[in-house]
Protein chains: 2
Amino acid sequence: MKWHELGEMDCPIARSLSILGDRWTLLIIRNAFMGTRRFDDFQKQLGITRHLLSDRLNRLTEKDIFTKVRYQDAPKRYEYRLAEAGLALYPIILMLTKWGNIWLNDDNSHPPLQVIHKPCGHVTDPQLRCSECGEELHARDMAPFVDKVG
Amino acid sequence: MKWHELGEMDCPIARSLSILGDRWTLLIIRNAFMGTRRFDDFQKQLGITRHLLSDRLNRLTEKDIFTKVRYQDAPKRYEYRLAEAGLALYPIILMLTKWGNIWLNDDNSHPPLQVIHKPCGHVTDPQLRCSECGEELHARDMAPFVDKVG
DNA sequence: TTTCATAAGTTCTGTTTTAGAACTGACAAG
DNA sequence: CTTGTCAGTTCTAAAACAGAACTTATGAAA
């Protein structure tokens with residue numbers, strides 16, 4: 001199965017991964033959340049090749065995750081800003097961070113990456129909660145996906 | 001930068017993506033959450049090549065995301081079960097699902113994938129909430145990551 | 001007692017993707 | 001008129017992936 005075929009599957013995870021499922025895409029988006037907007041800044045911060053960065057930014061712009069905005073006229077220069085669908089990726093970034101902090105910090109050599117929730121002013125531990133009862137969600141408590149597997 | 005070098009970065013997202021950042025890994029894990037445990041079942045359900053599946057299962061076992069368990073002696077047969085670190089990936093799977101449901105369902109042709117929270121018995125909309133004030137977390141309300149970018 | 005079926009891989013060949021470095025084009029400043 | 005900035009594009013070699021066939025161990029069927 002080719003990558004682009006994934007995007008046509010009747011499964012939202014497969015469709016998500018057809019866009020996000022590679023080594024670089026979510027790192028580019030992470031840096032966008034930290035304020036990076038310009039080609040050369042992404043490139044220097046990430047160490048990604050210019051070729052791939054160009055490809056990924058185009059793809060993400062096409063999918064309306066980034067918006068390409070002209071910020072200068074002569075010469076014409078563009079920057080990339082998170083669009084709505086891009087901003088909506090924040091929970092995924094946050095949960096990847098939390099998982100990495102907990103499960104890939106073998107010797108506690110890495111200080112945990114912390115985030116502040118500005119409205120309440122505290123360092124927050126992001127939790128996944130049920131919209132109906134408010135309890136934290138755990139894999140064991142969930143009914144299996146009702147989805148086509150194949 | 002090579003893939004394995006990502007895992008050595010001082011950033012939990014980079015470390016997470018050094019394991020999860022490809023087309024297949026999270027799909028394999030999704031199917032594991034749906035109850036799949038055996039090589040051939042993963043292979044048939046996903047349409048992944050046997051070579052890649054073998055490689056990914058080994059990698060994930062090495063990283064203690066799966067546990068390889070012998071379920072038969074003659075001939076020796078093994079199955080793959082989610083270990084603790086694997087079960088902890090559930091929020092990521094759930095948020096990828098939610099994002100795909102909302103943002104990659106252009107013509108509403110795909111019925112949303114729904115999950116039931118067994119303790120309360122309702123179909124739940126998983127929400128990311130602050131551990132301190134209980135409010136839902138949004139990108140705009142968060143203080144920028146305090147992390148090494150490069 | 002060959003033959004088929006099952007399960008979990010491994011091997012092979014050809015195609016695609018990626019890494020790394022150099023190059024381009026439009027302009028500005030010294 | 002040389003150097004620097006920014007946003008890319010082009011090139012080549014290396015790595016990863018797709019698709020199909022093959023292997024190994026066993027039990028059941030013809």
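Residue numbers begin at 1 in each chain, while the letters A, B, ... track the order of the sequences.
- We find that CD of A/Gln72 is positioned 9 Å from P of D/dC6, with the value rounded to whole Å.
- Among the nucleotides D/dA25, C/dA8, C/dC27, the one closest to any side-chain atom of B/Pro75 is D/dA25.
- Closest approach to the B/Leu52 side chain among D/dC17, C/dA19, D/dG8 is made by D/dC17 (side chain taken as heavy atoms from C-beta onward).
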> Please walk me through it: do B/Ile19 and B/Arg59 pass side chain to side chain contact (heavy atoms under 4.5 Å, CB included)?
Replying inline: CA-CA 8 Å; B/Ile19 297 176; B/Arg59 248 191 244 201; over 6 Å; no

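- Taking atom CD on B/Gln43 and atom P on D/dA20, their separation rounds to 11 Å, with Å as the unit.
- When rounded to the nearest whole Å, the span between NE2 of B/His51 and C1' of C/dG14 equals 14 Å.
- Side chain of B/Arg38, nearest nucleotide from D/dA7, C/dA8, D/dT10: C/dA8.
- Within the 4.0 angstrom heavy-atom criterion, only backbone atoms of the sugar-phosphate kind lie near A/Arg56; the bases stay farther away.
- Between D/dA18, C/dT10, D/dT10, one nucleotide has an atom nearer to the side chain of B/Arg50 than all others, and that is C/dT10.
- Two residues, A/Gly47 and B/Lys68, neighbour DNA chain C, and the one matched to the more 5' nucleotide by heavy-atom proximity is B/Lys68.
- A continuous path of hydrophobic side-chain contacts links B/Leu87 to A/Ile102 [ILVMFWY only; heavy atoms under 4.5 Å].
- Across all strands, B/Tyr71 comes closer than 4.0 Å only to sugar-phosphate atoms, never to a base (heavy-atom distances).
- The listed nucleotides are D/dC17, D/dG8, C/dG25; the one nearest the side chain of A/Ser54 is D/dG8.
- Among the heavy atoms of the strands lying under 4.0 Å from B/Tyr80 are primed sugar atoms or P, OP1, OP2 only; no base atom is included.
- Hydrophobic clustering (ILVMFWY, side-chain heavy atoms < 4.5 Å, transitive): B/Ile13 and A/Ile116 are in distinct clusters.
- Annotation: of the two residues near DNA chain C, A/Arg59 and B/Asp40, the 5′-most nearest-nucleotide partner is B/Asp40.
- Here the C1' atom of nucleotide C/dT6 and the CG atom of B/Asp41 are 11 Å apart, to the nearest Å.
- As a whole-Å value, the separation of A/Arg37 CZ from D/dA7 P is 13 Å.
- In this structure, the CZ atom of A/Arg77 is 12 Å from the C1' atom of C/dT24, given to the nearest Å.
- A pairwise comparison of heavy atoms in B/His117 and A/Leu137 identifies CD2-CD2, 3.5 Å as the closest pair.
- Each of B/Arg77, B/Arg81, B/Arg37 was evaluated against B/Val69; a single residue qualifies, B/Arg81, per the side chain to side chain contact (heavy atoms under 4.5 Å, CB included) test.
- Atom CZ in B/Phe66 sits about 13 Å away from atom P in C/dA8, given to the nearest Å.
- In this structure, the CD1 atom of A/Ile48 is 15 Å from the P atom of C/dT17, given to the nearest Å.
- In terms of position along DNA chain D, the nucleotide closest to A/Tyr78 lies nearer the 5' end than the nucleotide closest to the other residue of the pair B/Asp55 and A/Tyr78.
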